[in-house]
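The next block holds one structure in the form of structure tokens; read it before the comments.
Within every chain, numbering begins at 1; the chains are lettered A, B, ... in the order of the sequence lines, protein sequences first and strands thereafter.
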Number of protein chains: 2
Amino acid sequence: MTGQTRFNSWQAVHDEVLRRIREREWKPGDSIPNEDDLAREFGCARSTVNRALRALADAGLLDRRRRAGTRVALHPVGKATLDIPVIRREIEARSQRYGYALQSRQDAVPPGPVRAVLNLGPDARAQHVLALHLADGRPQAIEDRWINLATVPQAADADFAKVSANEWLVDNATYTHGDITFSAQSATAAEAALLGVDAGAALFVIDRTTWHHDDAVTTARLAYAPGYRIQTRI
Amino acid sequence: MTGQTRFNSWQAVHDEVLRRIREREWKPGDSIPNEDDLAREFGCARSTVNRALRALADAGLLDRRRRAGTRVALHPVGKATLDIPVIRREIEARSQRYGYALQSRQDAVPPGPVRAVLNLGPDARAQHVLALHLADGRPQAIEDRWINLATVPQAADADFAKVSANEWLVDNATYTHGDITFSAQSATAAEAALLGVDAGAALFVIDRTTWHHDDAVTTARLAYAPGYRIQTRI
DNA sequence: TAGTGGTCTAGACCACCGT
DNA sequence: CGGTGGTCTAGACCACTAG
């Protein structure tokens, strides 16, 4: 017998298990040994194995259930983690000069779809903010936002001419959860004019809605000028 | 003295720290007590505090550095985790019928940009696969892929008429890391024809490149028909 | 160089849920 | 029911780095 390789760090265990999955030693759908057995095999504590397997489960490579044990995921789902920075910082991170131009701001009855998303009654009003974010003086993104005054009444008095609603909300409204949708949409005539591009240009669009428990806080549509992209490592 | 509230689970500690950040008891940039002190205050073990703070740091709300301690992040970065499923499963998950149509497949010298990404010499050849993914018979996405035969030689013999390169690679090539870029692009005439849309339509595009250690495995461009979107919760 | 987070350990109890 | 993962604990050593 030669000496066993030791896997006494959760990273080492993680990598070894990942290797066995990738090399098909453990195939999709297979049950793998339980934590106690793996700990014995790897010569480490069970909690070390636990952390490694938990990381792999978070990554979507393993399915873990009490009593049923741990299995290799049938359909390994790739997961990518994106950073969603505040636009100003995103621009400044590229060493560009950030600019901001409020286009309009009013208290109004939102259109049907927005009303539905914010869960407002048919006559309820909300704060509408339309603004332009600029990078080195050139339009970078249109922010079209509705803020639920029932949830964030202070928004009625905020000075969105100086601070974007985007940033104001980060500092003045908390949320418990939200959802984000990424899509590609053709620029409307109005959007094209604001961004200084041809109508119909392909815009990268991020729709975001946030809630504080059951109360909708705000919903926003960010339409980025052509050329924008989001990148991440996996 | 009234009895202290106990925080004897990492979730409870997590929530309490999150509360203090949200309520501005601990402001952006502030140092917070070290793990030992917090453990004493919360009446739990240091490792419990550690796990809670680690989760908050992963979420971008805290900055942690040895010796320097833990600080509330100056600019809380929102993070979103996207699932990147195999296209077939994505379509089947919507209860649509999946279809696949290989358009062309050849061994060729890739264009400059692809050569650069795959880190190939000027005369090196690679496997080029162009295919269409369909949902209920309608074009859903164009897959334009180059496979590095130096890394995955078996790709030369794969039958991409039956199994998409996308899926074949999942089963036959492993990778250690990769990068993904999301963008919006106008459909070229060729893309528009394949997808059955007007030229210039806004397409959601995912560019993905994967490596096995230092060797590029494949690079692919997935251009989705208008209407496609990616959604996630935060 | 000393203080902080990062991690490992050995043991323990518990929640969950297949069988 | 009983096996599995989920978690907590108390203690220890280590890696990193600010002062």
Side-chain angles (χ1 to χ4, degrees), chain A residues 3-18 20-21 26-74 76-77 81, chain B residues 3-18 20-21 26-74 76-77 79:
Chain A
Q4 308 277 332
T5 307
R6 298 282 184 74
F7 297 97
N8 30 349
S9 83
W10 73 268
Q11 281 285 1
V13 173
H14 173 280
D15 291 350
E16 172 62 12
V17 172
L18 185 55
R20 293 186 187 182
I21 294 171
W26 291 337
K27 303 191 179 70
D30 284 359
S31 267
I32 75 172
N34 68 33
E35 297 187 347
D36 268 325
D37 289 344
L38 286 176
R40 224 168 296 125
E41 176 188 345
F42 291 145
C44 66
R46 179 166 81 97
S47 45
T48 303
V49 172
N50 180 280
R51 180 155 181 196
L53 297 188
R54 193 153 34 81
L56 288 163
D58 287 344
L61 289 166
L62 294 176
D63 283 334
R64 318 192 72 199
R65 274 150 61 197
R66 288 169 147 110
R67 169 70 191 180
T70 300
R71 293 170 172 277
V72 179
L74 277 173
V77 178
T81 303
Chain B
Q4 309 277 330
T5 307
R6 299 283 184 74
F7 297 96
N8 34 349
S9 83
W10 73 267
Q11 281 285 2
V13 173
H14 173 281
D15 291 350
E16 171 62 11
V17 172
L18 184 55
R20 293 186 187 182
I21 294 172
W26 291 336
K27 303 191 181 70
D30 284 359
S31 268
I32 76 173
N34 68 33
E35 297 187 346
D36 268 324
D37 290 344
L38 286 176
R40 225 168 293 125
E41 176 188 346
F42 291 145
C44 66
R46 178 166 81 95
S47 46
T48 303
V49 173
N50 179 281
R51 178 154 182 195
L53 298 189
R54 194 152 35 81
L56 288 164
D58 287 346
L61 289 166
L62 293 176
D63 283 335
R64 319 191 72 199
R65 272 149 58 194
R66 287 168 147 110
R67 169 70 193 187
T70 300
R71 293 170 172 277
V72 179
L74 279 173
V77 177
K79 300 203 177 188

Between [atom2] of [N] and [atom1] of [X], the distance in whole Å:
X: Asp63(B); N: dT4(C); atom1: CG; atom2: P; answer: 17 Å
X: Ile32(B); N: dG3(C); atom1: CD1; atom2: P; answer: 19 Å
X: Arg51(B); N: dT9(D); atom1: CZ; atom2: C1'; answer: 14 Å
X: Leu56(A); N: dG5(D); atom1: CG; atom2: P; answer: 14 Å
X: Glu35(B); N: dT9(D); atom1: CD; atom2: P; answer: 13 Å

Base-pairing mate for dG19(D) - Watson-Crick or G-U, with both contacts under 3.5 Å:
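Because no pair has both required distances under 3.5 Å, dG19(D) counts as unpaired.
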Taking 4.0 Å as the cut-off, does a side-chain nitrogen or oxygen of [X] come that near to OP1 or OP2 on [N]?
X: Asn8(A); N: dC8(C); value: no
X: Asn50(A); N: dG6(D); value: yes
X: Arg65(B); N: dT4(C); value: no
X: Thr70(A); N: dG5(D); value: yes
X: Arg46(B); N: dT9(D); value: no

Which nucleotide wins on minimum distance to the side chain of Arg64(B), given the candidates dG6(C), dA18(D), dT4(D)?
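Shortest atom-to-atom distance from the side chain points to dG6(C).
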Thinking salt bridges, do [X] and [Y] make one under a 4.0 Å N-O criterion?
X: Glu35(B); Y: Arg64(B); result: yes
X: Glu41(B); Y: Arg20(B); result: yes
X: Asp30(A); Y: Lys27(A); result: no

Any sub-3.5 Å donor-acceptor pair from Ser9(A)'s side-chain atoms to Ala12(A)'s backbone N or O?
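Answer holds: yes.
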At under 4.0 Å between heavy atoms, what does Ser47(B) touch on the DNA or RNA strands: base, sugar-phosphate, or nothing?
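Base contact.
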